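Only this structure's heavy atoms are used, side chains among them; waters, hydrogens and symmetry mates stay out. Read the numbers this way: they start at 1 and go in the same order the structure lists the ligands and their atoms. Given the structure is predicted, the values throughout are model-derived calculations rather than measurements.
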Amino acid sequence: MLVHQSIADFRQWRHSLTGRVALVPTMGALHAGHLSLMKLAREWGEHVVATIFVNPTQFAPHEDFSQYPRPIDTDLAACEQVGVDVVLTPSLEEMYPPDASDVAINVPAIAELLEGVHRPQFFPGVCRVVLKLLNIVQPDAAIFGRKDYQQWLVVDNMVRDLLLPTVIIPGPTVREADGLAMSSRNVYLSPEERKHALGLSKALSEARMMIEESGESNPAAVERAMKQTLLAHHVVIDYAVVRHPRTLQPMDIIDPAMTQGVVALVAGTVGRTRLIDNVVMAGA
Ligand code: AMP
């Protein structure tokens, strides 16, 4: 496995390739969720590229950019184990050249909902860094986790609108045995908070039961139940909603005729750690 820090070196390697290139962009602190995306990439492309870059522009000043975990040696070993061909670990200076002034990307409207309300800097920062990474790597496909459901939709929308020659492929959410969605931020949780964090996946399981098994068709009733579960687990709620799976718009009724189903999304803070999770389910 090759590791490139320099973008120029990476481009030289990229230039010589024939065959499909699949990219998995990450911020490192890799867990089984990231690795599952790399395995998907391995199935999809002849060449698998992973990037590890903790992107400052998607963090607000009060967020955890400086304390974000950066275990680079174990990350590289994990990439090698799942068959990544090249890891790009670009420097901050190369990704954000000090002599180039910021170019803002007008994010898709879907980026203004949910996460966009609670973290207004997040999607502009994500779109900016993903566009940079796609320009460097020029992949045929890029794999994004459904764990960050809205991020997947926003990136997919950006790529289609800007006519980038990359297919965005979603990978399923990988969970711990008890249901907690894997996240690099889970390491911040104390043992007590780790129990409270289960409120997110429990709320989503409950939503699934209500809709798929009990035939509940009122989104407000499902949202009320999810909020109760989150509060019972001491989660400080940002949102707990049932939405259209492509537009993320609210719906008056959960209609069994909706072949794409619905998505339930939750976000909140446990202690000082902000967590998100979601589940797509069949309509009632
Ligand atoms: P991050 O390093 O948190 O920016 O995530 C990099 C990629 O991994 C994104 O596409 C995430 O959606 C994806 N990802 C993070 N957690 C999971 C998970 N538990 N299961 C599947 N994909 C994940």
Side-chain angles (χ1 to χ4, degrees), residues 22-44 48-60 63-65 67-72 74-76 78-79 82 84 87-90 95 111 114-115 119 121-134 137 139 141-159 166-189 194 197-198 200-201 204-205 248 263 265-267 273-280:
L23 167 68
V24 181
T26 80
M27 298 206 300
L30 302 179
H31 49 64
H34 297 112
L35 301 181
S36 74
L37 304 184
M38 293 172 191
K39 289 177 196 159
L40 256 183
R42 187 68 281 165
E43 284 168 25
W44 197 90
V48 175
V49 176
T51 58
I52 298 178
F53 179 68
V54 185
N55 173 41
T57 61
Q58 70 193 63
F59 290 78
E63 292 179 352
D64 56 341
F65 173 69
Q67 65 167 131
Y68 200 85
R70 291 166 171 84
I72 188 68
T74 46
D75 281 354
L76 292 178
C79 288
V82 291
V84 171
V87 182
L88 174 66
T89 59
M95 286 297 280
L114 304 174
E115 287 299 287
R119 302 182 71 198
Q121 78 299 330
F122 181 67
F123 287 124
V126 165
C127 285
R128 208 161 155 218
V129 78
V130 170
L131 186 55
K132 284 169 187 270
L133 293 170
L134 294 176
V137 177
I143 326 286
F144 283 81
R146 278 178 184 265
K147 153 76 169 47
D148 299 280
Y149 191 89
Q150 189 178 7
Q151 172 174 280
W152 159 52
L153 292 179
V154 167
V155 168
D156 186 60
N157 196 317
M158 176 182 75
V159 162
T166 301
V167 181
I168 302 300
I169 298 175
T173 300
V174 176
R175 299 177 178 281
E176 304 284 358
D178 59 5
L180 179 68
M182 291 195 182
S183 162
S184 305
R185 291 192 164 99
N186 290 350
V187 295
Y188 299 152
L189 299 168
R194 173 70 182 67
L198 274 183
L200 279 84
S201 53
L204 292 169
S205 301
L248 297 185
V263 59
L265 306 109
V266 292
T273 306
R274 189 168 183 281
L275 300 171
I276 61 173
D277 198 355
N278 68 84
V279 164
V280 177

For ligand 1, which atoms, with element, lie under 4.0 Å from some heavy atom of [X]?
| X | value |
| --- | --- |
| T173 | 20 (N), 21 (C) |
| T26 | 2 (O), 6 (C) |
| F144 | 10 (O) |

Between [X] and ligand 1, find which residue part has any heavy-atom pair under 4.0 Å and reply side chain, backbone, both or neither.
| X | value |
| --- | --- |
| R175 | neither |
| P172 | backbone |
| P25 | backbone |

Flag the pair D64 and R274 as a salt bridge only when some basic side-chain nitrogen lies within less than 4.0 angstrom of an acidic carboxylate oxygen. no

Least distance between heavy atoms, [X] atom then [Y] atom:
| X | Y | answer |
| --- | --- | --- |
| R175 | S201 | NH1-CB, 3.9 Å |
| P69 | V187 | CG-CG2, 4.2 Å |
| S184 | H34 | OG-CE1, 3.4 Å |
| P172 | L40 | CD-CD1, 4.4 Å |
| F59 | M27 | CZ-CE, 3.8 Å |

Which residues pass the side chain to side chain donor-acceptor pair (under 3.5 Å) test with N55, sequence neighbours left out? T57, Q58, Y96

Side chain T166, main chain P139, donor-acceptor under 3.5 Å: yes

Protein heavy-atom partner closest to [atom] - residue, atom, separation in Å:
| atom | value |
| --- | --- |
| atom 16 (N) of ligand 1 | H31 CE1, 3.3 Å |
| atom 12 (O) of ligand 1 | D148 OD2, 2.6 Å |
| atom 20 (N) of ligand 1 | V174 N, 2.9 Å |
| atom 23 (C) of ligand 1 | K147 CB, 3.9 Å |
| atom 4 (O) of ligand 1 | M27 CG, 3.6 Å |

Rounded at 0.5 Å granularity, tell me how far CD1 in I52 sits from CD1 in I72.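 The CD1 atom of I52 sits 4.0 Å away from the CD1 atom of I72.
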
Rounded to the nearest 0.5 Å, how far does CG of L153 lie from CD1 of I168?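 Result: 11.5 Å between the selected atoms.
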
N/O separation below 3.5 Å, [X] to ligand 1:
| X | value |
| --- | --- |
| L37 | no |
| I143 | no |
| H34 | yes |
| M182 | yes |

Out of A50, G145, G28, who gets a non-hydrogen atom closest to atom 10 (O) of ligand 1?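 When every heavy atom of A50, G145, G28 is considered, G145 comes closest to atom 10 (O) of ligand 1.
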
